[in-house]
Number of protein chains: 2
Amino acid sequence: MTDTLTGGKFQKLNRAPAYQAVSQKIRSAILNGELKAGELLPTEMDLAEQFGVTRTTIREAIRLLEYGGLIGRADRKRLVVCLPSKESASNSLSTAMLMHEVTFKELWQIANGLEPLAAGLACDSMTTELKEKLAANLERTGAAKSDTKELLEAEIEFHNLIAQAAHNNALLMAREPLNQLFYPAFKAVIERMHPGGRILDCHTRMFEAICKGDKKTAEEWMQKHMADFERGIKMAGLDFNGPIDHQNL
Amino acid sequence: MTDTLTGGKFQKLNRAPAYQAVSQKIRSAILNGELKAGELLPTEMDLAEQFGVTRTTIREAIRLLEYGGLIGRADRKRLVVCLPSKESASNSLSTAMLMHEVTFKELWQIANGLEPLAAGLACDSMTTELKEKLAANLERTGAAKSDTKELLEAEIEFHNLIAQAAHNNALLMAREPLNQLFYPAFKAVIERMHPGGRILDCHTRMFEAICKGDKKTAEEWMQKHMADFERGIKMAGLDFNGPIDHQNL
DNA sequence: TATTGACATATTGTCTGACAATGTGTCAAT
DNA sequence: ATTGACACATTGTCAGACAATATGTCAATA
């Protein structure tokens, strides 16, 4: 199968289209800090002149970056350089996972690794501000009762707060695809849950453990919580070993 | 601060540009399976007619998707619907982490969560094929000696193989940003390492543990391996608590 | 003073129409 | 079976235009 004649010696020379080159240049400029987040981009005409191409080409180059969240619109006209939000940053990863038909089980295994990790780290770097937010969240959960929509939001907020308490931005971003992909499942599980179930209990104990800096207990309760979630998925009639849906786009 | 007159009642109506709408439609069609991966996209003129806009608009819409890896070029002409590769899928997340100036420590904490997880899962679902590949990788590592480039590649390959052995596609994709961002650090660490160090030993013991299905031992050795890496980063003169570089773009 | 209206200007979004470069398919010649 | 010649389709890029919308200025007004 090795055709030494046609296969060897020369490598495919890549003549990438101009819009890709331009896009790369702009991207680099942003990563280098030549263009700082928050700054306005030069106008399309400016860029066109600088690169020596047409506005059309510039616009295509910009679109290429826009999806990644590196560039956004300030006020619907002028474009600005952005710090990508964790949502936009994890979009491609989420959709890629969707298209690869990742299963609940696979995602759950990751979450089961990351969530206890977050809980553990939170024990080391808890702040009073986050303690207050968590306390407020517990109240919110308690007050939600059978209002599933409210309960759902509180539940998600709780986990996000824990992750914030870990003071690890990378973790916060790495978790985001799970948030996005699990959302429909969260919803289904919580809607089918008997009110006043274990959720609040779990959360409370976790909160107390974290406040005490009791890493082991915090991690254990998070694991129990995740186990509950797994059971919930199955009880909600979702196929734990099957691919997740994409009601989120 | 609540101006009840101008603030309330009406929400900002969003008149998104046409290229965004078109992009969304195409994206949905792909996620719905109306356009399957591998299929050719209709020609730009076709799309332009169908959506009732110009080719210019269509092209901008396509660029928007191209970055995310949902659309690629088959043969430099006709565009084709793609299953995003794990590399392209994690690009935005990686650059977002870069721009948020994520530290080595933050990334390491995640890796320290995911890598032992992978090693543990691998114990449950090892295949003979991967055993062979891992065995070959160990030989490769042994043979590399002081060839740091070769050693680097072998090291990365080892971890990827473990992750593959976990048979969890989501994990494989979630790990990818770490691969991308740690790469320069890997390199620096390995170049500064005394040859015949602990690497091969660690890998071998992990391999043996995984083959035996000894989850606990496999995880422990992976953790030791990660601890070595942490030491390596510090010894290489990199700031463990400082932001990572972006020599990768 | 603070708000409004009128107006010129700048910038983006979209359209039209064109051309060059490149890949595809066909068919005859070898 | 390979090559050459040719028509055709499709993408990449250009030039130039116009509409819609923000921005800034300045006078008029309450």
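Chain letters run A, B, ... following the sequence lines, proteins first, then strands; residues in each count from 1. Worth knowing before you read on, the calculation uses all heavy atoms, side chains too, and leaves out hydrogens, waters and symmetry mates.
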S.K.: Any N or O donor-acceptor pair linking the side chain of B:Arg73 to the base of D:dT10 at under 3.5 Å?
M.R.: no
S.K.: Are the side chain of B:Asn168 and the backbone of B:Ala170 linked by a donor-acceptor contact shorter than 3.5 Å?
M.R.: yes
S.K.: Between A:Tyr19 and D:dG12, does any side-chain N or O lie under 4.0 Å from OP1 or OP2?
M.R.: yes
S.K.: Quick one: is A:Arg15 getting a side-chain N or O under 4.0 Å of the C:dT22 phosphate, OP1 or OP2?
M.R.: yes
S.K.: Map A:Thr54 and B:Leu79 onto DNA chain D by nearest heavy atom, then report which one ends up closer to the 5' terminus.
M.R.: B:Leu79
S.K.: Does A:Arg63 make a side-chain N or O approach to OP1 or OP2 of C:dT12 shorter than 4.0 Å?
M.R.: no
S.K.: Nearest to the side chain of A:Ala18, heavy atoms from C-beta on, is which of D:dT10, C:dT11, D:dT13?
M.R.: D:dT13
S.K.: To the side chain of A:Val53, which of D:dC14, D:dG12, C:dT14 is closest?
M.R.: D:dC14
S.K.: Go through the side-chain N and O atoms of B:Ser90 and B:Gln180 and say whether any donor and acceptor fall under 3.5 Å apart.
M.R.: yes
S.K.: Look at A:Arg63 together with B:Glu66 and state whether they make a salt bridge at an N to O cut-off of under 4.0 Å.
M.R.: no
S.K.: Name the closest nucleotide to the A:Glu60 side chain, picking from D:dT11, D:dT13, C:dG13.
M.R.: D:dT13
S.K.: For B:Gln50, look at atom CD and say whether over 12 heavy atoms of other residues, nucleotides or ligands are found less than 6.0 Å away.
M.R.: yes
S.K.: Give a yes/no on whether any side-chain N or O of B:Arg59 is located under 4.0 angstrom from OP1 or OP2 of D:dG12.
M.R.: yes
S.K.: State whether A:Thr56 places a side-chain N or O below 4.0 Å from either non-bridging phosphate oxygen (OP1 or OP2) of D:dA15.
M.R.: no
